[in-house]
Amino acid sequence: MTPTRTTRTTTSKPTTLRQVARAADVSMATVSRVLAGNYPVAPRTRQRVLRAVQELDYVANTHARALRGHATPTVALVLPDLRDEAVARIAQGVEEEATRNGRSCLIGTTRGDTERERTVLRAMRQNGAGAVILIGGGAQDPVHQEELAAIAASLAAAGSRLVLCGRPAPDDAMPATVVEYDNEGGAYAVVSRLLVQGHRRILFLGPATGSTTAAGRLAGYRRALADFDLPFRPELVVGGGLGRADARDRLARRLVGGSDFTAVFAVTDNAASGALAALREAGLRVPDDVSLVGYGDAECATDLLPQLTTVHVPYVELGRTAVRLALGLTEGSVSAADQRALLGTHVVLRDSTAPPPRRRPG
């Protein structure tokens with residue numbers, strides 16, 4: 001009797017792409033697209049292909065043979081910029097935990113470009129990494145998120161794992177490990193501190209859209225205002241980048257003609273450093289005239305005068321947790337139900353905040 005479906009065999013002959021295509025009832029090109037993760041494929045079709053891949057052990061066998069060779073098992077890091085302190089601290093945690101598990105690290109950078117992010121992810125997958133850790137906030141782009149889900153599925157089929165470190169999963173069904181920190185909660189806590197001190201017009205300094213990180217901090221800012229029965233005022237949002245120079249320039253332009261706020265919430269400590277410079281250039285004292293808070297607890301936070309009140313993020317532990325969960329899943333020591341982690345944040349009080357002046361400056 002001729003079987004109607006190809007099944008996993010015990011022979012040493014490897015399964016071919018043609019066999020996978022036949023089992024899934026699709027073309028070989030469609031199988032290639034699903035495995036590459038670089039072309040939109042209908043969800044039901046993708047599921048059929050991945051089911052056939054798993055049943056035939058097509059990619060998993062290839063991956064296993066690579067690991068049985070002379071190559072050192074690896075953990076891959078995909079990150080936006082090596083120069084960013086927060087990213088570097090997460091990478092430190094990844095490297096420490098990977099080394100503890102006998103793994104070496106591969107590093108690829110994206111420079112914040114979504115197309116390059118997908119290209120680097122695919123390259124890391126092709127190198128047979130045991131886990132691919134994507135560090136930093138993600139673009140809020142449905143097309144990019146769909147393609148990211150396809151890459152996650154192809155990694156899972158290969159016996160690897162995509163780890164989203166510092167960003168939420170765009171879809172709960174995505175086969176990925178997610179390691180986050182309480183991004184929105186940290187913003188809520190530090191803005192609430194200003195509100196408790198009596199501030200009612202708090203400037204939000206940083207990008208309001210485009211990044212999951214910035215969006216989470218804006219959400220925390222807005223939630224704090226709402227809990228104090230204060231309206232969200234779009235005119236108190238100054239967009240821009242996360243860096244020092246851009247924040248300085250944008251706030252300086254906003255201060256022309258005087259200030260209409262008593263506090264500034266900068267979405268990163270680097271942005272807060274730029275804000276401090278702009279405020280001083282405008283003749284405003286921190287915190288006597290304007291209070292200032294940041295986010296991240298970077299090294300510069302204690303170098304500023306006054307020292308910066310900010311939100312501490314456990315970046316190194318994020319990296320360690322990402323490796324621990326992903327490798328634990330593939331090695332069987334951590335269950336699939338335990339592939340989500342949310343680490344806490346907390347406010348670090350320093351000298352850059354005070355109750356608002358009795359009369360608003362400007």
Side-chain angles (χ1 to χ4, degrees), residues 37 59-60 63-64 66-69 71-110 117-118 120-138 148-149 151-170 174-183 212-213 296-297 312-345:
V59 181
H63 182 61
L67 292 181
R68 286 196 295 269
T72 303
T74 58
V75 170
L77 292 83
V78 180
L79 41 86
D81 190 339
L82 285 167
R83 297 167 297 180
D84 183 272
E85 181 182 337
V87 169
R89 286 158 69 183
I90 296 174
Q92 174 190 340
V94 169
E95 194 277 334
E96 289 175 357
E97 191 66 19
T99 299
R100 196 180 71 81
N101 283 271
R103 306 287 182 114
S104 60
C105 289
L106 299 172
I107 297 178
T109 60
T110 68
E117 180 174 283
R118 295 190 295 271
V120 174
L121 284 170
R122 290 192 291 269
M124 293 302 189
R125 182 199 57 223
Q126 291 165 4
N127 275 292
V132 180
I133 301 173
L134 181 55
I135 295 176
L148 193 63
I151 292 172
S154 64
L155 281 166
S160 183
R161 189 72 172 177
L162 177 65
V163 185
L164 304 179
C165 189
R167 74 169 74 178
M174 178 188 286
T177 299
V178 180
V179 180
E180 299 179 82
Y181 56 93
D182 193 1
N183 186 34
T212 55
T213 299
D297 200 15
H312 177 79
V313 180
Y315 289 119
V316 175
E317 186 57 31
L318 278 170
R320 293 185 183 130
T321 302
V323 176
R324 189 160 54 244
L325 293 186
L327 295 186
L329 177 66
T330 58
E331 294 168 1
S333 60
V334 180
S335 71
D338 295 322
Q339 292 298 303
R340 297 287 190 274
L342 179 65
L343 279 61
T345 55

Applying side-chain contact (heavy atoms from CB on, under 4.5 Å), name anything that partners Pro80, two or more places apart in sequence or on another chain. Val87, Thr110

For Arg100, enumerate each residue passing the side-chain hydrogen bond (donor to acceptor under 3.5 Å, both in side chains) test, keeping only those at least two apart in sequence or located in another chain. Glu97

Gap between atom OH of Tyr315 and atom CD of Gln92 - 0.5 Å precision: 13.5 Å

Rounded to the nearest 0.5 Å, the CD1 atom of Ile90 sits from the CG atom of Asp84 at a distance of 8.5 Å

All side-chain hydrogen bond (donor to acceptor under 3.5 Å, both in side chains) counterparts of Thr321, not counting sequence neighbours: Glu317, Arg324

In this structure, CD of Glu117 is separated from CG of Leu134 (nearest 0.5 Å) by 4.5 Å

For Asp338, which residues count as a salt bridge (Lys or Arg N to Asp or Glu O under 4.0 Å) partner, sequence neighbours excluded? none

At what distance, to the nearest 0.5 angstrom, does CD1 of Ile133 lie from CG of Leu162? 9.5 Å

For Ala76, give me all partners under side-chain contact (heavy atoms from CB on, under 4.5 Å), at least two apart in sequence or on another chain. Leu106, Met124, Ala129, Val132

If you measure from CZ on Arg83 to OG1 on Thr109, what distance do you get to the nearest 0.5 Å? 9.5 Å

Side chain to side chain, Val313 and Leu318, heavy atoms closer than 4.5 Å: yes

State whether the side chain of Arg167 and the backbone N or O of Gly136 hold a donor-acceptor pair below 3.5 Å, judged by distance alone. yes

All side-chain hydrogen bond (donor to acceptor under 3.5 Å, both in side chains) counterparts of Gln339, not counting sequence neighbours: Thr177

Treating Thr345 as the side-chain partner and Asp182 as the backbone partner, does any N or O pair qualify as donor plus acceptor under 3.5 Å? yes

I'd like to check the side-chain contact (heavy atoms from CB on, under 4.5 Å) partners of Ala91; sequence neighbours left out, ordered by chain and number. Leu77, Leu79

Tell me, please, which residues at least two apart from Thr213 pass side-chain contact (heavy atoms from CB on, under 4.5 Å). Tyr181, Asn183, Ser211, Arg217

Does any N or O in the side chain of Arg340 come within less than 3.5 Å of the main-chain N or O of Val179, such that one atom is a donor and the other an acceptor? no

Can you name the residues that form a side-chain hydrogen bond (donor to acceptor under 3.5 Å, both in side chains) with Ser333, not counting sequence neighbours? none

